[in-house]
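I have placed the structure first, in the form of structure tokens, so that the comments after it can refer back to it.
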Amino acid sequence: MRLTILGGGGFRVPLVYGALLGDRGEGRVTEVVLHDLDDRRLYAIARVLREQAAGVPDAPAVTATTDLDEALRGADFVFSAIRVGGLQGRADDERVALAEGVLGQETVGAGGIAYGLRTVPVAVGIARRVARLAPDAWVINFTNPAGLVTEAMSRHLGDRVIGICDSPVGLGRRIARVLGVDPREAFVDYAGLNHLGWVRGLRVAGRDVLPRLLADPALLGSFEEGRLFGADWLRSLGAIPNEYLHYYYFSRETVRAYQEAEQTRGAFLRDQQARFYAEASDPGTAALAAWNRTRAEREATYMAENRETAGAGEREEEDLSGGYEKVALALMRAIARDERATLILNVRNRGTLSALDGEAVVEVPCLVDASGAHPLAAEPLPGHAAGLVCAVKAVEREVLAAAESGSRATAVKAFALHPLVDSVTVARRLVDGYTAVHPGLAYLT
């Protein structure tokens, strides 16, 4: 089975390959094709993968190419994890937004809109190429903003594109751990959009154990989301929000913390990864050791400003191990081997969340088998959640419309309607600022 990884020179590719190395079942991936536009990054990551595979019998063969058509032909699965504009683009997204006093995070608020406007045209081009060159392939999308990009690609690939994210998995795992529950035996009742969802229940043998957590202040204060949001707020919500909702519920505090930080997250990662790729490209260095050191630092500093604002302290050791690669592997296994699995994925709504239309991509539990991912029936979102989800989905639709039409006015509308921007004047300045620094937005007229 052949897996093509778009963004194959990306820093997190070794996580995916490491998961493949541990998969010994029938129908496993035997060939990995790395595609990237940057051959230097491809070389560095290929070195890491070779060191990972040392001593592993029947390790998947790895090839690398900068030719997209070559990479797609013959693919059974396509894993998309591209970053249009690179980390410099992310740093610019943050800087332009913060100068206007709004959030520049890569998937949330103004930064997410800017990133989406750059990425959607590229992702649509990839979807069309997949449809032409590998029509039977399944596309697993991790490209951010994941829900928005998955919806853009679904207009050309239908249900053969599925978005993944590690945030719901990590949240469910932390809740189960606090309650002394085996995560493998628990059903996580999670619903919303990518980076905008809530755990509303945790069912074990048909019984919801989440109320026990919400009723115990000590338990609530013992894990990351409890410290991040505060026990009182979680009890008010009656649910546990995805960590990214901290940007919404504590927006002013977060913007202030980001403005006061020595450098933004994007700038930190840009500089950190520049050092890593320089080191890993040197034939005299141990590329895997360099990658492990860099990854440990990256994971430990994740959402550091938010945790500092909330007084949440350092991340737990158990939460530094990633997770999206496990979701990707479980998804591929379920489809390729018809091994039924329940996974939280980004798929077309199909009536699952009553507040949204059927074509809207949502993040919900799905039953996965050889025919793909099928969203499970879900209770309606409470009013506060439905309102926020509908508002953000409306913004995503304006981003898709702007990307398709090239309309600058529609791009302004997308920014202005976002709950974390809420100003037409600021929206216009944001579009001016982003088009000035991003060549990839030259299509907006």
Side-chain angles (χ1 to χ4, degrees), residues 1-35 42 45-65 71-81 134 136-142 160 162-166 168-170 172-173 176-177 182-186 286-289 291-292 295-296 299 317-345 366-373:
M1 191 164 66
R2 181 174 180 174
L3 169 65
T4 294
I5 301 179
L6 307 182
F11 182 78
R12 293 208 274 187
V13 167
L15 291 173
V16 177
Y17 191 67
L20 296 177
L21 290 175
D23 183 23
R24 312 309 298 172
E26 293 183 8
R28 67 189 182 92
V29 171
T30 56
E31 181 184 2
V32 175
V33 180
L34 306 179
H35 171 269
L42 274 176
I45 293 301
R47 286 195 68 223
V48 175
L49 269 52
R50 280 197 298 272
E51 293 182 24
Q52 281 183 300
V56 179
D58 300 324
V62 177
T63 58
T65 180
L72 292 177
R73 288 190 185 96
D76 296 293
F77 287 91
V78 177
F79 187 87
S80 180
D136 294 328
W138 291 90
V139 177
I140 301 173
N141 179 60
F142 191 68
R160 295 193 80 86
I162 300 169
I164 66 170
C165 181
D166 50 356
V169 175
R173 186 176 61 226
R177 187 171 68 225
D182 185 344
R184 295 169 297 183
E185 298 178 359
L288 179 57
W291 180 81
N292 280 324
R295 176 174 169 257
E299 295 295 338
E317 184 69 28
E318 296 91 337
D319 297 325
L320 301 180
S321 58
Y324 87 97
E325 72 282 1
K326 298 183 181 68
V327 181
L329 179 61
L331 176 57
M332 287 191 290
R333 289 177 58 167
I335 293 175
R337 305 175 192 174
D338 200 18
E339 294 180 359
R340 291 161 65 93
T342 301
L343 302 169
I344 299 172
L345 301 167
C366 299
L367 177 65
V368 189
D369 56 22
S371 62

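Computed over heavy atoms, backbone and side chain alike; hydrogens, waters and symmetry mates excluded. From a predicted model like this one, the values you see are computed outputs, not experimental measurements.
Across M332, E325, R28, a single residue satisfies side-chain contact (heavy atoms from CB on, under 4.5 Å) together with L20, and that is M332. A side-chain contact (heavy atoms from CB on, under 4.5 Å) with I5 is found for one member of I140, V62, V32, V78 and no other, namely V32. Paired with T65 under the rule side-chain contact (heavy atoms from CB on, under 4.5 Å), one option of T4, L42, L34, V33 passes, and it is V33.
The side-chain contact (heavy atoms from CB on, under 4.5 Å) search around V169 returns R173, V327, not counting sequence neighbours.
Judged by distance alone, with hydrogens and angles left aside, the side-chain atoms of D338 form a donor-acceptor pair with the main-chain N or O of A370 at under 3.5 Å. Proximity of a side-chain donor or acceptor of R160 to a complementary backbone N or O of A137 within less than 3.5 Å is detected. Of the possible donor and acceptor atoms, one in the side chain of D76 sits under 3.5 Å from a partner among the backbone N and O of R2. Formation of a donor-acceptor pair under 3.5 Å by the Q52 side chain with backbone atoms of P14 is found in this model.
Looking at every heavy atom in both residues, A75 comes nearest to A134 through O-CB, 4.2 Å. Nearest heavy-atom pair, L345 versus A373, reported as atom, atom and distance to 0.1 Å: CD1-CB, 3.8 Å. Listed here is the closest heavy atom pair of L21 and A59: CD2-CB, 3.6 Å. Across all their heavy atoms, A334 and V368 have their closest contact at CB-CG1, 3.6 Å. Nearest heavy-atom pair, W138 versus S371, reported as atom, atom and distance to 0.1 Å: CH2-O, 3.5 Å.
Atom CG in L6 sits 6.0 Å away from atom CG in L72 (nearest 0.5 Å). A distance of 8.5 Å separates CD1 of I162 from CZ of F77, quoted to the nearest 0.5 Å. Annotation: the span from L331 atom CG to Y324 atom OH amounts to 13.5 Å, rounded to 0.5 Å.
By the 4.5 Å heavy-atom criterion applied to side chains, P60 and T30 are not counted as neighbours. Counting heavy atoms from C-beta on, the side chains of E51 and W291 never come closer than 4.5 Å.
Evaluation of the side chain to side chain donor-acceptor pair (under 3.5 Å) test over residues 12-25, restricted to residues two or more places apart or in two chains, returns D23-R337.
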Apply the test side chain to side chain contact (heavy atoms under 4.5 Å, CB included) to residues S80 and N141: give CA-CA distance (whole Å), side-chain angles for both, the deciding distance (0.1 Å), then the verdict. CA-CA 5 Å; S80 180; N141 179 60; 3.8 Å; yes

